[in-house]
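Some notes on the structure that comes next.
Atoms within each ligand, like the ligands themselves, are counted from 1 in listed order.
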Amino acid sequence: MQKLLIKGKNEISGSIKISGSKNATLPILAASILAKNITLNNAPFVKDIFTMIELLRFIGIDIKIESKKKNIKLINKKKSINTLAPYKLVKTMRAGVLVLGPLLTKYKKAKVSLPGGCAIGTRPVNLHLFALKKLGADIKIKDGYIIADAKDGLIGTKIKFPSISVGATENALLAAFGARGKTILNNCAIEPEVLDLVSFLKKLGCKIHIEGRKIIVEGIKKIKNKIKHKVIFDRIEAGTYLVAGALIGKKVVINNIYSKIFKTEIDLLKNMGVRIHTQKNSITVLKSKKLKKINISTKPYPGFPTDLQAQFMVLMTQANGLSKIKENIFENRFMHVPELKRMGAKIEIKNKTAYVFGPTKLTGAEVMATDLRASVSLVLAGLIADNRTIVNRIYHLDRGYEFLESKLKKCKAKIKRI
Ligand code: UD1
């Protein structure tokens, strides 16, 4: 099994080009079921994207990847396709459940494996099913599968989500796209990745209007045959490298971004005393000597993202005083804490809150990655630790970080895959 070997305490400097967003690409790939001929540009070539591609090929979409141009071409012209998403593909990547809405709305039936839990929590799909039922789907759960039918097609309606979910908002949008009439979705997730899906669906000819957390979708009448779309940048990847720069950057420039999108994170870094200069499409960050303690609470966008909680925790280990992070989104997202403690971090968890005492000197150790963002926090800790850190189970990292080692190596970090 592959591992990452990091020799810590080496200042990093240089520029990092941020890849396209994995979490924006996944629902847009699922939306290709609704379309005929799509060219998707700037998708990151990471494991989760290839799993979604495998699922779409299984369903019957023809897919061509142009690696150099960073294009994925998707053609769906077959009369009949497979409306099944099997367990073996959905279990490795929960976003596979996003094919449910498009299959159901276009082909009037779908059989999609229940994704099951994962390391960070139980992660149910009840809100996805709630929305689809409101749109008129008949849904049963049998043998671990969601079996959905909408013989007469889905019908637009009013839906108010009892709580905010990114995936459920996306599935509902994808289903409402092909429903008859108008759907009004209330209490939606408005993450930039959801908005990228909306702009993609609009290019297909769908009329969508957003007011705060309300999204109004007019069921499609005439679909555009051929469209191109460039996926937005990965704000979580960008946030991760900002933390790296704040920890040990002589001067790190993050490129290919749109800084307005992650104002919350930038403001927090500024409040901690991080030296950071923001421009419209790039950010420069430098190591800061006296970091101030801070309190963070994870929330749906525009709040602080749960996907950056682990990375910011590493930064807190270097801040003066007691910092706190409250995790409100997932019930089990502190799996990186025992590993960071093995490296010398002083962290205590009480209920949903992690109390981080700093500054502490971190020492290299052999550590184990548990999920995507937890793994990258261990890499960040390795960059500032004394001696050598070995991160095991890096297949988690490969699910979502494109060219992690080469991007860091280009900035002179001592990191290699063994
Ligand atoms: C997406 C992101 C993930 C991010 C998360 C929160 C993708 C592929 N993944 O995941 O990286 O951490 O948003 O920003 O985009 N919930 C329910 N019932 C449901 C659905 C969700 O109770 O039917 C709960 C979840 O357990 C969780 C909360 O709602 O506690 C938010 O989850 P959700 O926004 O749905 O996350 P995902 O879409 O799975």
Side-chain angles (χ1 to χ4, degrees), residues 20-31 43-44 46-49 51-52 55 90-101 112 114-134 139 141 146 159 161-175 185 187-198 213 231-232 234-237 239-240 261-262 264-265 297-312 326-336 352 371-377 396-397 399-401:
S21 159
K22 162 183 88 73
N23 287 356
T25 305
L26 289 168
I28 294 175
L29 283 174
V46 293
K47 184 77 178 42
D48 274 9
I49 300 302
T51 310
M52 186 59 119
L55 174 56
V90 181
K91 77 165 187 218
T92 55
M93 190 215 33
R94 300 178 43 81
V97 81
L98 292 174
V99 300
L100 183 58
V112 175
L114 277 167
C118 71
I120 61 173
T122 48
R123 302 187 79 174
V125 289
N126 58 315
L127 297 172
H128 299 235
L129 305 188
F130 160 82
L132 297 175
K133 278 184 192 162
K134 290 259 181 194
I139 294 182
I141 305 291
I146 304 159
I159 299 170
F161 290 106
S163 61
I164 297 169
S165 155
V166 172
T169 302
E170 291 167 344
N171 233 336
L173 276 169
L174 291 162
L185 302 169
N187 204 23
C188 292
I190 47 165
E191 267 60 5
E193 296 75 28
V194 175
L195 303 190
D196 203 28
L197 173 66
V198 166
R213 291 202 178 273
V231 176
I232 54 158
D234 193 323
R235 67 191 162 104
I236 305 301
E237 190 201 14
T240 303
I261 284 183
F262 54 152
T264 305
E265 293 87 314
S297 198
T298 64
K299 291 193 186 107
Y301 190 85
F304 181 82
T306 171
D307 285 354
L308 279 174
Q309 178 253 101
Q311 299 88 316
F312 269 65
K326 186 167 182 214
E327 172 55 61
N328 292 304
I329 310 290
F330 292 109
E331 67 269 34
N332 195 19
R333 211 173 195 181
F334 285 136
M335 307 267 281
H336 43 286
K352 288 174 165 185
D371 71 69
L372 176 56
R373 310 302 170 186
S375 344
V376 88
S377 75
H396 289 294
L397 272 176
R399 288 187 54 192
Y401 281 91

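P305 does not count as a contact of ligand 1, since none of its heavy atoms falls under 4.0 Å from the ligand. Remark: distances from the non-hydrogen atoms of H128 to ligand 1 include one below 4.0 Å. Using a 4.0 Å cutoff on heavy atoms, K299 does not count as a contact of ligand 1.
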Mind running side-chain contact (heavy atoms from CB on, under 4.5 Å) on R333 and R373 for me, showing each step along the way?
CA-CA 9 Å; R333 211 173 195 181; R373 310 302 170 186; 3.5 Å; yes

E265/F304 under side-chain contact (heavy atoms from CB on, under 4.5 Å): CA gap, chis, key distance, verdict
CA-CA 7 Å; E265 293 87 314; F304 181 82; 4.2 Å; yes

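Note: F130 and F161 have tilted aromatic rings, judged against thresholds of 30 and 60 degrees for the angle between ring planes.
Nearest to atom 25 (C) of ligand 1 by heavy-atom distance, out of Y301, F330, F130, is F330. Taking all heavy atoms of T169, L197, V166 into account, the minimum distance to atom 34 (O) of ligand 1 is reached by V166.
Under 4.0 Å from ligand 1, not a single heavy atom of M52 appears. Proximity of P124 to ligand 1, defined as any heavy-atom pair under 4.0 Å, is shared by backbone and side chain alike. Within the 4.0 Å heavy-atom criterion, both parts of I329, backbone and side chain, lie near ligand 1.
With sequence neighbours left out, E237 forms a side-chain hydrogen bond (donor to acceptor under 3.5 Å, both in side chains) with K407. Residues passing the salt bridge (Lys or Arg N to Asp or Glu O under 4.0 Å) test with E193, sequence neighbours excluded: R235.
Near R333, with a cut-off below 4.0 Å to any heavy atom, the atoms of ligand 1 are 12 (O). The contact set between ligand 1 and T306, taken as ligand atoms under 4.0 Å from a residue heavy atom, comprises 6 (C), 12 (O), 14 (O). Against a heavy-atom cut-off of under 4.0 Å, N126 is close to the following atoms of ligand 1: 17 (C), 18 (N), 19 (C), 22 (O), 23 (O). Shown in contact with G167 at under 4.0 Å from a heavy atom are these atoms of ligand 1, numbered in order with element: 35 (O), 38 (O). Residue contact check: N23 has heavy atoms under 4.0 Å from atoms 2 (C), 3 (C), 7 (C), 8 (C), 9 (N), 11 (O), 15 (O) of ligand 1.
Side-chain atoms of L197 and L174, non-hydrogen and from C-beta on, do get closer than 4.5 Å to each other. Inter-residue side-chain proximity for D48 and L372 is flagged as unmet; no heavy-atom pair is nearer than 4.5 Å. Residues S163 and L127 are in side-chain contact: their nearest non-hydrogen atoms beyond the backbone lie under 4.5 Å apart. For the pair H396 and V376, the minimum side-chain heavy-atom distance is 4.5 Å or more. Looking at heavy atoms from C-beta onward, L308 lies in side-chain contact with P305 at the 4.5 angstrom threshold.
The shortest N or O to N or O distance between E331 and ligand 1 is not below 3.5 Å. Not a single N or O atom of R94, backbone or side chain, sits closer than 3.5 Å to an N or O atom of ligand 1.
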